[in-house]
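The structure under discussion appears below in the form of structure tokens.
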Amino acid sequence: MLAGIERIDEVEWEVPIGYVPGMRVPGRFFLSEDLSETLEVGAVQQLANVAVLPGIVRYSLAMPDIHSGYGFPIGGVAAFEQETGVISPGGVGYDINCGVRLIATPLTPDDIKNPRALIEALFTTVPTGVGAESEMRISPHDLEEIMVEGVNWAVAAGYGTENDAAHCEEGGKMPNANAAPVSKKACQRGMPQAGTLGSGNHFLEIQAVDAVFDNEAAQTFGLSAGQICFMVHCGSRGLGHQICTDHLRTLESATRRYGIEIPDRQLACAPVHSPEGEAYFGAMAAAANYAWVNRQVITHQVRTVLNRMYGIDYEEMPLVYDVAHNVAKMERHNTDKGRQTLCVHRKGATRAFGPGCPEVPQDYRAVGQPVIIPGSMGSASYVLHGTNTAMEKTFGSTCHGAGRVMSRTKAKKATPGSEVRKDLLKQGIIVRATSDASIAEEAPDAYKESYKVVDVVRRAGLSLPVVRLRPIGVIKG
DNA sequence: ATGTTC
């Protein structure tokens, strides 16, 4: 383990006050000794820097998929008081409400006689890649409704089934979303992109449940051994990116104006209830709602293909759940001061609320919130459930995925994409992407192994495994 | 992540 870090428990570590000047609370992160080789000094420094921000509660936290990001580390969780605390775009990331959803089907692997044909049909139907545009015609008025109503817009417009909204975190609609602080430029970028996958680590995957760790929880979530599922990983595309860019600029000047001292310019922030902070929060919530619509429309595209190819009814392909892993939300948590509403930033971290929480859909409440952890390309994904330990230790949060260990540029030089594609095919995994270059960037070697990350949160008790899903086919931008 | 160096 790196110097200056103290061991708290088997997989829990503390970055003490004083690691960087001005820390108000310690840092805490979760990591196994095995994964400690991957820990970057820069990411720990970022974790400590976040502890300098005003109004931070208890700890600056990070999950085992920690790596350096813009200002805040990816894998980071930070909660701020309403009255004294701040909100920061760096704590959310550029891809606002990047998230993952899982769609169940009644199919088994044997039902898919020609996986290549299914993958081609999906690749043709779901627009993918940088700058991909949808065939949907979204008017400026539609976009405004999308940003305010979230997934409810999509369901009302015919892109969903009855239970879809209830199975999204936050009901697929952030309250207090505001289209007013969303720039015209952001709207222009967002309008043609609703229902598109994007690029980078975003994907649409055909998976099969190949291990069940908790029968009862799996049954509650509607999952069983051998079942074919579809996983969608994407976010708010150019809209969220533009909102982040726009508001970083206004918050940089706000940081100075409010006299907030920050150790890194990338931690630009404003008081939660300042005009600038509220403008960012409203616009961020609007982008979050757009991202839920985006994943919902892609879900509809997947269901349409499956209905056409296999004659399955839309109602037989329920949404298991949809999680947001890049977002800031106002949430009630127990603190030293009693029960408080906090502005919880999760950047590359997943909400993992425990059993009994009213925020968990009624049909899942006894088990806890489903947590969806996508694997890197070609590696397994997991469904876990939230716990009371997460509520106590991490403001109800857990990891979000494998986590990079190699930069995009480094990965591109390491192995040609064509070779990665052939290697995966040997393992029985079909990859369909817009280019071999994008496959190289996302090579499995560029990521931590997802099971190691999942095992840390299991050992820490932050969330517990329900099923494992192995990939059969991957569609990438 | 991203009209991938506005």
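Order of the sequence lines sets the chain letters (A, B, ...), proteins ahead of strands, with each chain counted from 1.
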Side-chain heavy-atom pair [X], [Y] within 4.5 angstrom cut-off:
X: A/Y70; Y: A/L248; result: yes
X: A/L122; Y: A/V302; result: yes
X: A/L204; Y: A/L197; result: yes
X: A/C229; Y: A/V209; result: yes

Without decimals, in angstroms, what is the distance between [X] [atom1] and [N] [atom2]?
X: A/Y70; N: B/dT4; atom1: OH; atom2: C1'; result: 17 Å
X: A/R404; N: B/dT4; atom1: CZ; atom2: C1'; result: 12 Å
X: A/E252; N: B/dC6; atom1: CD; atom2: P; result: 17 Å
X: A/D95; N: B/dT4; atom1: CG; atom2: P; result: 15 Å
X: A/E442; N: B/dT4; atom1: CD; atom2: P; result: 17 Å
X: A/K476; N: B/dT4; atom1: NZ; atom2: C1'; result: 15 Å

Check this for me, if you would: do A/R346 and A/E331 make a salt bridge, where the nitrogen-to-carboxylate-oxygen distance has to be below 4.0 angstrom?
yes
Under the salt bridge (Lys or Arg N to Asp or Glu O under 4.0 Å) test, which residues partner A/E449, sequence neighbours left out?
A/K452
Give the residues of residues 232-249 of chain A touching DNA chain B, defined as any heavy atom closer than 4.0 Å, sorted by residue number.
A/R237, A/G238, A/H241
Heavy atoms only, 4.0 Å cut-off, all strands: where does A/Q193 land among base, sugar-phosphate and nothing?
sugar-phosphate
Would you indicate which nucleotide in B/dT2, B/dT4, B/dC6 comes nearest to any side-chain atom of A/K185?
B/dC6
